[in-house]
Chemist: 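Structure provided below as structure tokens; questions to follow.
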Amino acid sequence: MNITEFVANSLGRWRSQRSAHHLAFSHFEAVQSEIDIIALPEDDPAVIDLCKSYNIDPQTAVSPFRMSWEGQSDWDDNEIKGSCILVPIPDPTDPQRGKLLRDQGYAETIAAAGDYYLTEDGTFVLTTAYDRAAAEEKIWFVNPNVRCRVSLIKTSAGSGVVTASFSSEIRQGVQS
């Protein structure tokens, strides 16, 4: 699987059940959410702007997409809601690796560029360094309409895990 296939397989509406362990607070959290992943044209102004903000040629972007989410947590009464633009930039020498540009990060709500690779079994692995933290995510498909995601938020030095979470995501409606 390459990044184009991975993104194509991820498009759609997903119902997510996430369980997170916040080690710093010794707290367990359950989050239910709806995630929408839609393809964006490569010439979308937001895609071009994001590439330019990292001094990356927008022509090297493949399969950009927007991810939006809305959900509820049993820990926080505030609604969980957000959206971000993601732009994969494959490594020209190794199509299984590359950069993933985000206009809003996962561990911190700032723009971020992470490094990704795809394993032989199709698992997408993303590592992203932020100002005060580092994130590692792994996403894999159980079948075309079920995927799993494991996320670790680590200290910026990468020496300690702050949060560990597991999500199971079910596509709403069957993909043809």
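Side chains are part of it too, since the values below use all heavy atoms of this structure and drop only hydrogens, waters and symmetry mates.
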Chemist: Are Ile153 and Ser151 side-chain neighbours, meaning at least one heavy-atom pair lies under 4.5 Å?
Modeler: no
Chemist: Report whether Tyr130 and Tyr54 are members of the same hydrophobic cluster (ILVMFWY, side-chain heavy atoms less than 4.5 Å apart, transitive linking).
Modeler: no
Chemist: Of all heavy-atom pairs between Ala30 and Gln17, which one has the smallest distance, and what is that distance?
Modeler: CB-NE2, 4.0 Å
Chemist: Can you list the steps and then say if Val62 with Ile3 is a side-chain contact (heavy atoms from CB on, under 4.5 Å)?
Modeler: CA-CA 8 Å; Val62 301; Ile3 191 65; 3.7 Å; yes
Chemist: Can you tell if the side chain of Gln96 reaches within under 4.5 Å of the side chain of Asn2, non-hydrogen atoms only?
Modeler: yes
Chemist: I'd like to know if Leu86 and Leu50 are part of one continuous hydrophobic network [Ile/Leu/Val/Met/Phe/Trp/Tyr, side-chain heavy atoms within less than 4.5 Å].
Modeler: no
Chemist: Taking C-beta and beyond as the side chain, do Arg18 and Ser33 meet within less than 4.5 Å on heavy atoms?
Modeler: no
Chemist: Does the gap between the ring centers of Phe141 and Phe6 come in under 6.0 Å?
Modeler: yes
Chemist: Leu118 and Val150: same hydrophobic cluster, using ILVMFWY side-chain contacts below 4.5 Å?
Modeler: no
Chemist: Would a single hydrophobic cluster contain both Val7 and Leu100, if residues Ile, Leu, Val, Met, Phe, Trp and Tyr are joined by side-chain heavy-atom contacts under 4.5 Å?
Modeler: yes
Chemist: Please test Trp140 against Phe124 for side-chain contact (heavy atoms from CB on, under 4.5 Å), starting from the C-alpha separation and ending with a verdict.
Modeler: CA-CA 6 Å; Trp140 67 95; Phe124 175 81; over 6 Å; no
Chemist: Who pairs with Asp115 by salt bridge (Lys or Arg N to Asp or Glu O under 4.0 Å), at least two apart in sequence or on another chain?
Modeler: Lys99
Chemist: Would a 4.5 Å heavy-atom cut-off, applied to side chains only, mark Cys84 and Trp69 as touching?
Modeler: yes
Chemist: Do you know the tightest heavy-atom contact between Val87 and Ala61?
Modeler: CG1-CB, 3.5 Å
Chemist: So, the side chain of Glu70 versus the backbone of Ser68: is there a donor-acceptor pair under 3.5 Å, distance only?
Modeler: no
Chemist: Are any of the side-chain heavy atoms of His22 and Glu29 separated by less than 4.5 Å?
Modeler: yes
Chemist: Go through Val125 and Glu137 one step at a time and tell me if the side-chain contact (heavy atoms from CB on, under 4.5 Å) criterion holds.
Modeler: CA-CA 6 Å; Val125 180; Glu137 295 178 86; over 6 Å; no
Chemist: Do the charged groups of Lys154 and Glu136 touch, with an N to O distance under 4.0 Å?
Modeler: yes
Chemist: Working to the nearest 0.5 Å, report the span between CD1 of Ile37 and CZ of Arg13.
Modeler: 11.5 Å
Chemist: For the OG atom of Ser165 and the CG atom of Leu152, what is their distance to the nearest 0.5 Å?
Modeler: 7.5 Å
Chemist: May I have the list of side-chain donor-acceptor pairs in residues 40-48 shorter than 3.5 Å, sequence neighbours left out?
Modeler:
unit_1 : atom_1 : unit_2 : atom_2 : d
Glu42  : OE2    : Ser63  : N      : 3.4
Asp44  : OD1    : Ala46  : N      : 2.8

Chemist: Without swapping roles, check the side chain of Asp103 against the backbone of Ala111 for a donor-acceptor pair under 3.5 Å.
Modeler: no
Chemist: What closest approach, in Å, do Asn145 and Trp14 show between heavy atoms, and which atom pair accounts for it?
Modeler: O-CZ3, 3.6 Å
Chemist: Please assess Ser168 against Val146 for the test side-chain contact (heavy atoms from CB on, under 4.5 Å), listing each intermediate value before the final yes or no.
Modeler: CA-CA 7 Å; Ser168 58; Val146 178; 5.8 Å; no
Chemist: Answer yes or no: is there a side-chain heavy-atom contact under 4.5 Å between Pro90 and Thr60?
Modeler: no
Chemist: What is the distance from atom CD1 of Ile85 to atom CD1 of Ile38, rounded to the nearest 0.5 Å?
Modeler: 9.0 Å
Chemist: Does the side chain of Gln172 reach to within under 4.5 Å of the side chain of Glu34, using non-hydrogen atoms?
Modeler: yes
Chemist: Once you round to the nearest 0.5 Å, how far does CD of Glu5 lie from CG of Asn9?
Modeler: 7.0 Å
Chemist: Judged by atom type as modelled, is there a donor-acceptor pair below 3.5 Å linking the side chain of Thr155 to the main-chain atoms of Gly160?
Modeler: yes
Chemist: Given the rule that I, L, V, M, F, W and Y join up when any side-chain heavy atoms are under 4.5 Å apart, are Ile89 and Leu126 in one cluster?
Modeler: no
Chemist: State, to 0.1 Å, how close Ala164 and Leu23 come at their nearest heavy-atom pair, and which atoms those are.
Modeler: N-CD1, 4.1 Å
Chemist: Which heavy atom in Ile80 sits nearest to a heavy atom in Gln72, and how many Å separate them?
Modeler: CD1-C, 4.2 Å
Chemist: Provide the closest heavy-atom pair for Ala39 versus Leu11 in the form atom of the first, atom of the second, distance.
Modeler: N-CD2, 3.5 Å
Chemist: Do Ser16 and Arg149 come close enough that some side-chain heavy atom pair is under 4.5 Å?
Modeler: yes
Chemist: For Asp94, is there an ion pair with Arg97 - N to carboxylate O distance below 4.0 angstrom?
Modeler: yes
